[in-house]
Amino acid sequence: MSTSSEQLNARGVVVRSLAVDGPSGPLVRPLGFTVGPGRTLAIIGESGSGKSVTARALTGLLPRGLEATGSASIDGDRYPLSTGERSAWDRIRGRRAVLLLQDPFTSLNPVIRCGAQIGATVRARMRAERRRVSGSSLKLEVERRLDEVRLPPDVARRYPSELSGGMRQRVAIAAALAAEPRLLIADEPTTALDASTQGGVLDLLGDLQKRHEMSLLLISHDLGVVAGRADDLIVMRRGEVVERGRTNRVLAAPEHHYTRALLDANLSVTDTTIPPRPPSPMLLTATGVSKRFGSVTALDAASVDVARGEIVAVVGESGSGKSTLARCIAGLEVPEAGTITLDGRDLPPGRRGRHPGEMQIVFQDPYSTLNPVFTIDRSLRDALRLAGGQTTVGDLLELVELDPALGSRHPSQLSGGQRQRVAIARALAPNPQLLICDESVSALDVSVQRQILDLLIRLRDELDLAMLFITHDLGVVANIASRAIVLQRGVVVERGSTAQILRAPQHPYTKSLVQAAEHDSIHGASAQAALQVRPSR
Amino acid sequence: MSGTPKLSPRTRTISIVPGRRRVRWGATLSVVLLAGVGLVALVSPMLSDAATRQSVLDALLPPGSPGHPLGTDELGRDVLMLTLAGTGSAVVGPVIVAAGSMTLAVLLGTIAGYVGGFVDGVIGRGVDVLLALPVMLVALVVAGVFGAGYWVTVVLLIVLFCPSDIRIVRAGVTEQAPRPYVEAAQMLSLSSSRIMFRYVVPNTWPLILTNVTLNVGIALVALSSLSFLGVGVAPGTPDWGRQISDGRGVMGDNAAMLIVPAVLIILVTMAINVLGDHLGTRLRERGIQ
Amino acid sequence: MIVVRLFGVLAILLVISFLTFSLVYLAPGDLVKNLLGNRPASPEAVAAIRAQYHLDDPFLLRYLDWLGSAIRGDFGQSIRLQQPVSTVIGDRLPNTLALVALAFLIALATAIPLGILSAAREGRFSDSLASLLSLIGLSAPSFAIALLLLYVFATLLPIFPAYGAGSGGFDTLWHLVLPAVALAAGIGAILMRLTRAALLRELQSDATTFARARGLREADVQVAALRAAAIPIVTSAGLVLTFIVGGTIIVESVFALPGLGSLLQQAVQFKDLPVVQALTLLIAAVIAVITILIDLSYLVLDPRVRAKGLNR
């Protein structure tokens with residue numbers, strides 16, 4: 001065939017029948033793709049889709065116990081993916097392909113200065129090219145690499161622990177590019193970063209890729225990240241490719257129903273359809289709540305109120321104090337100052353003297369929200385114990401749309417979404433007046449997020465629940481809350497109706513959050529997604 | 001505190017435990033050995049008479065002598081019977097030490113870790129003081145100066161083992177306490193004792209079980225070292241440490257007197273350690289699932 | 001931070017000094033009789049002793065008195081040896097120091113390379129063998145190892161001397177080899193396991209994966225991992241040093257080495273309480289110093305801790 005000789009001379013990356021097997025069956029079914037020089041291919045999938053395993057298989061860095069097959073060629077240099085031999089990978093890693101990892105807090109060595117870590121890549125490249133490098137030219141090269149990622153030269157003398165997450169990821173990018181690879185594989189490069197720094201890092205990656213004419217393989221769970229950044233798109237689910245094509249085409253007219261579900265689930269920011277509610281009496285009023293941890297002020301005189309049947313969002317990035325506010329209201333944290341009134345009654349600080357029927361929380365992490373040693377049935381019975389009433393465990397499970405037969409299972413036998421439903425059922429057991437959701441959907445896959453949000457809205461309508469919804473995700477805010485407050489470093493910087501905050505933000509911090517979120521939302525799909533949002537009563 | 005979700009693929013990677021087959025094989029062998037030793041320990045009080053029967057005529061027979069497969073000591077006592085009868089004090093005491101100190105530690109460590117504040121401070125300072133000196137040194141000095149017998153020494157070791165157990169339990173509890181399932185129980189206004197002992201403690205069970213097992217081995221070494229130094233067991237009582245100490249004088253005549261119990265102590269402790277490591281790995285694996 | 005730690009350690013030493021003093025107060029037996037030994041117990045002699053040892057003063061006063069002299073280095077007279085306790089301890093200190101140093105060196109020189117090898121070749125035969133060795137070292141009581149060594153290398157194959165400290169210089173070193181090996185076995189096993197675990201953790205870290213992913217040589221990757229693992233290894237080496245202190249009691253007794261460990265054992269046996277008090281306090285102080293040094297080593301070695309320490 002003529003194609004093989006063509007591909008031998010081809011520039012760019014060609015991957016053929018890449019597959020990964022694990023001890024309990026295949027993780028990735030055979031797939032192939034090409035990425036031209038200077039072009040970007042995105043692989044999108046939720047956790048368990050096999051996207052990260054695919055990324056690692058290309059550089060021979062699979063965890064032990066996993067086996068890859070297939071082959072890849074980079075600029076005509078073809079290599080098998082199945083080899084366990086270290087020396088075979090020496091030729092590929094660095095000069096041909098580099099894998100950039102997700103978490104900048106762990107991917108740099110904590111006891112080695114940043115400059116030396118970038119320098120180590122430079123040395124490795126020089127050695128491979130059989131060139132010598134002097135100390136002064138190495139220093140210059142490191143500074144040049146730092147400049148490329150827009151960091152000052154004195155970062156070279158710092159340890160990773162002295163830098164912020166965004167700066168660390170820039171250092172990691174500099175260290176990766178110092179190898180001058182032809183293919184850069186970026187595995188969720190910004191997932192561990194705050195929303196306001198994510199965009200900058202992604203744009204930087206794009207610029208550098210164009211400048212170096214590299215191929216970029218971008219792995220992400222977030223369709224919003226790839227819109228406008230990737231040329232081509234592969235959507236994976238459970239180890240299989242469900243859809244592929246030009247990014248614009250896939251986003252505008254998805255063919256597979258799973259892709260469509262992902263798009264629908266990608267909540268859009270600006271098209272909020274939740275109308276402001278008619279004034280009704282306030283259920284919860286928290287005023288001037290302050291909390292310090294040691295010398296750090298986590299919360300500075302924050303106030304929020306929620307009416308019956310209303311959902312109010314508390315928005316902020318990590319460290320903004322939004323969870324602390326929720327925990328102070330719930331009594332899990334004792335605030336230094338402030339009053340919390342529920343239904344006209346002053347609540348004591350702390351849990352002592354509180355009643356379970358006042359308010360309940362649904363937490364973020366579905367994996368630790370249920371007692372691992374209890375069955376679902378036992379967990380819910382404990383929740384019903386002090387509540388009295390006629391409600392049974394079966395009623396609770398039906399309320400959250402779960403099969404009552406799941407009661408006999410342990411949490412480890414349930415999916416994340418199912419666990420979060422059980423957690424909601426447990427919170428509803430004492431019939432609370434207020435439900436606090438602390439990032440309750442952010443650890444879930446996007447398609448499951450949507451279902452849980454729909455469930456919460458349904459429950460609010462049926463039970464006339466008041467909800468305080470803590471989140472970092474403006475897309476979630478747009479689709480569930482009628483009012484919102486924005487927290488920055490413990491201070492409420494803006495408050496108002498959701499529409500007001502998302503369409504006409506006043507404070508610069510809110511503006512930057514909305515901008516970052518808008519960039520990530522998929523414009524082609526947003527109108528469609530917004531139309532499907534269940535309108536509020 | 002909460003931020004963007006982390007979908008790290010590495011949190012759920014599959015890694016194959018190195019030398020897993022060897023560990024299983026070793027664990028099986030350990031169980032067999034420990035079961036045998038445990039059985040002998042159960043019947044050992046009945047062997048006491050036969051073991052302490054003296055006969056001047058048969059003193060210091062070498063191993064392989066008729067009727068005395070391991071020979072006799074300088075008092076003419078049969079070394080095999082002596083070793084078998086010594087199993088009791090070698091095994092029973094350590095098990096009680098490990099179980100007793102952990103029971104105490106679960107109570108104190110859980111309260112310290114869950115309640116925190118002043119109570120935690122008081123328990124913590126007590127632990128600091130007790131951990132400032134090696135267990136062996138305190139046991140030797142206190143038991144030696146007061147001339148304590150076997151059971152008093154066992155109680156002393158329970159007290160001395162407790163601080164490190166408290167630290168382990170406390171660490172396990174403080175790791176569990178901020179978890180959502182515990183806070184959810186607090187939101188339901190369940191009582192603190194219910195949350196501590198129905199929610200938190202069962203989830204530190206792997207930690208507790210592994211450490212009890214490993215502590216049996218450490219206690220076995222400590223108790224036999226003490227009786228080797230002449231503390232804890234009355235002279236003339238069948239006991240491995242004591243026997244080894246006595247055997248030093250007759251090493252040239254009947255080395256079996258010293259070597260057999262020494263090797264037994266090493267083997268039993270090894271078996272306990274293998275079992276403890278195995279338990280730890282297994283329970284941790286199950287915890288991940 | 002360090003100052004707070006220092007005061008904490010001083011408080012603990014004070015509590016221990018009080019406990020050791022109470023121990024003597026509570027110990028069974030008549031101190032006067034012990035002190036008189038074989039001399040006739042005439043009322044004058046008894047009165048003289050009671051006066052000399054302030055036995056008629058209230059308990060707290062006697063404690064403060066004792067503590068005051070102890071701080072000045074005066075721990076009274078050894079009842080058994082009829083010499084000042086400080087002299088008795090001073091005479092035996094060099095032997096124990098030499099033993100501890102040799103054992104520590106042997107443990108470091110074998111356990112750390114073995115731990116590194118074991119981690120680098122994880123799951124292979126050499127790893128299994130090293131793990132088995134450490135299991136034996138971990139399980140065997142030091143007296144059992146000491147006696148087996150004694151039996152094999154001094155009785156069956158008379159290579160090494162069995163007892164005593166020798167006549168100084170090389171002879172002493174020769175005498176210390178077997179006891180040091182016996183002492184090193186247990187702590188070496190612990191150190192090897194900690195080294196292996198620390199290095200394995202680093203070799204499986206994201207930082208190592210990322211280093212490999214950018215084409216660094218495997219040797220450089222492993223050196224970088226070792227640099228990160230060095231922190232727990234160094235601190236666990238310090239921890240192990242505190243275990244040696246307890247181990248000397250048994251090993252010195254087995255080999256009849258005239259050191260502090262055997263001194264303590266004999267002092268307990270003969271109820272020579274001033275010596276017991278002094279040694280207990282001395283050992284507690286040594287261990288306290290080691291733990292402070294461990295804390296300081298974090299400050300020197302770990303940039304993360306250093307940054308935090310400077311911010312405070």
Side-chain angles (χ1 to χ4, degrees), chain B residues 8 10 13 15-20 22-23 26 125-126 128-129 131-138 140-147 217-218 220-222 224-226 228-231 240-241 244-245 247-248 251-252 255 258-259 261-274 277, chain C residues 8-9 11-13 15-16 19-20 23-24 26-29 122-124 127-128 131-132 135-136 138-145 147-148 150-151 155-156 162 186 200 204 206 209 242-243 245-247 249-250 253-254 261 264-265 267-269 271 273 276-277 279-280 283-284 287-288 291:
Chain B
S8 166
R10 259 148 285 110
T13 49
S15 80
I16 282 146
V17 181
R20 192 180 192 152
R22 185 176 55 83
V23 171
R125 294 301 82 73
D128 283 349
V129 169
L131 280 180
L133 283 168
V135 169
M136 270 303 293
L137 177 112
V138 182
L140 174 72
V141 167
V142 176
V145 167
F146 288 94
I218 301 175
L220 170 67
V221 169
S224 59
S225 299
L226 284 174
F228 174 79
L229 292 174
V231 170
W240 291 352
I244 294 169
S245 177
R248 281 187 291 176
M251 209 192 274
L258 178 153
I259 289 174
V263 169
L264 269 173
I265 291 177
I266 296 177
L267 281 180
V268 171
T269 318
M270 269 174 77
I272 291 168
N273 281 332
V274 168
D277 283 352
Chain C
V9 165
I12 286 177
L13 283 181
V15 173
I16 287 178
L19 290 177
T20 42
L23 176 80
V24 173
L26 295 170
E122 192 211 351
R124 311 235 199 117
D127 177 29
S128 305
S131 296
L132 184 69
L135 176 66
I136 296 173
L138 203 66
S139 307
S142 49
F143 71 92
I145 296 188
L147 283 168
L148 291 177
L150 198 66
Y151 181 67
T155 309
L156 285 185
L200 264 186
Q204 287 161 356
D206 275 5
T209 306
T242 65
F243 296 164
V245 176
I249 304 171
I250 286 161
S253 305
V254 172
L264 178 66
Q265 195 249 336
V268 168
Q269 209 171 354
K271 306 253 156 55
L273 297 176
V276 173
Q277 283 177 326
L279 277 175
T280 311
I283 292 172
I287 290 179
T291 42

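Labels below follow one simple rule: chain letters A, B, ... track the order of the sequence lines, proteins then strands, and each chain is numbered from 1. Since the model is a prediction, treat every value here as computed from it, not as a measurement. Hydrogens, waters and symmetry mates are skipped; everything else that's a heavy atom, side chains included, is used.
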> OH/C/Tyr151 to CD1/B/Ile259 distance, rounded to the nearest 0.5 angstrom?
Replying inline: 4.5 Å

> What part of B/Phe228 gets closer than 4.5 Å to chain C, counting heavy atoms only: side chain, backbone, both or neither?
Replying inline: side chain

> If you take all heavy atoms of B/Pro134 and C/Ile283, which pair is closest and at what distance?
Replying inline: CD-CG2, 4.3 Å

> With only heavy atoms counted, which part of B/Ser245 is less than 4.5 Å from chain C, the side chain, the backbone, both or neither?
Replying inline: neither

>> Are B/Ser225 and C/Ile249 packed together at the side-chain level, in the sense that at least one heavy-atom pair is separated by less than 4.5 angstrom?
In response: no

> Closest approach of B/Met270 and C/Leu135, non-hydrogen atoms and distance?
Replying inline: CE-CD2, 3.9 Å

> Closest approach of B/Val221 and C/Ser139, non-hydrogen atoms and distance?
Replying inline: CG2-O, 3.7 Å

> Is chain B contacted by the side chain of C/Val254, its backbone, both, or neither, given a heavy-atom distance below 4.5 Å?
Replying inline: both

>> Within the structure provided, determine whether B/Val141 and C/Leu264 are in side-chain contact (heavy-atom separation under 4.5 Å).
In response: yes

>> Need one label for C/Ala284: side chain, backbone, both or neither, based on atoms under 4.5 Å from any heavy atom in chain B.
In response: both

> Tell me, do B/Met136 and C/Ile250 make a side-chain contact under 4.5 Å, heavy atoms counted?
Replying inline: yes

> Relative to chain C, which of B/Ile244, B/Val231, B/Leu267 shows the most heavy atom pairs under 4.5 Å?
Replying inline: B/Ile244

> Hey, which of B/Ala271, B/Gly217, B/Ser224 has the most heavy atom pairs under 4.5 Å with chain C?
Replying inline: B/Ser224

> Tell me, side chain or backbone of C/Thr155 under 4.5 Å from chain B's heavy atoms, or both, or neither?
Replying inline: side chain

> Among C/Val276, C/Ile16, C/Val15, C/Leu147, which residue forms the greatest number of heavy-atom pairs with chain B at distances under 4.5 Å?
Replying inline: C/Leu147

> Checking heavy atoms, do the side chain of B/Leu229, its backbone, both or neither come under 4.5 Å from chain C?
Replying inline: both

> Do you know which two heavy atoms are closest between C/Leu148 and B/Ile266, and how far apart they sit?
Replying inline: CD1-CD1, 3.8 Å

>> Can you give me the closest heavy-atom contact between B/Val145 and C/Lys271, atom names plus distance?
In response: O-CE, 2.9 Å

> Side chain, backbone, both or neither: which part of C/Ser142 has a heavy atom under 4.5 Å from chain B?
Replying inline: neither

> Is any side-chain heavy atom of C/Leu19 closer than 4.5 Å to a side-chain heavy atom of B/Val129?
Replying inline: yes

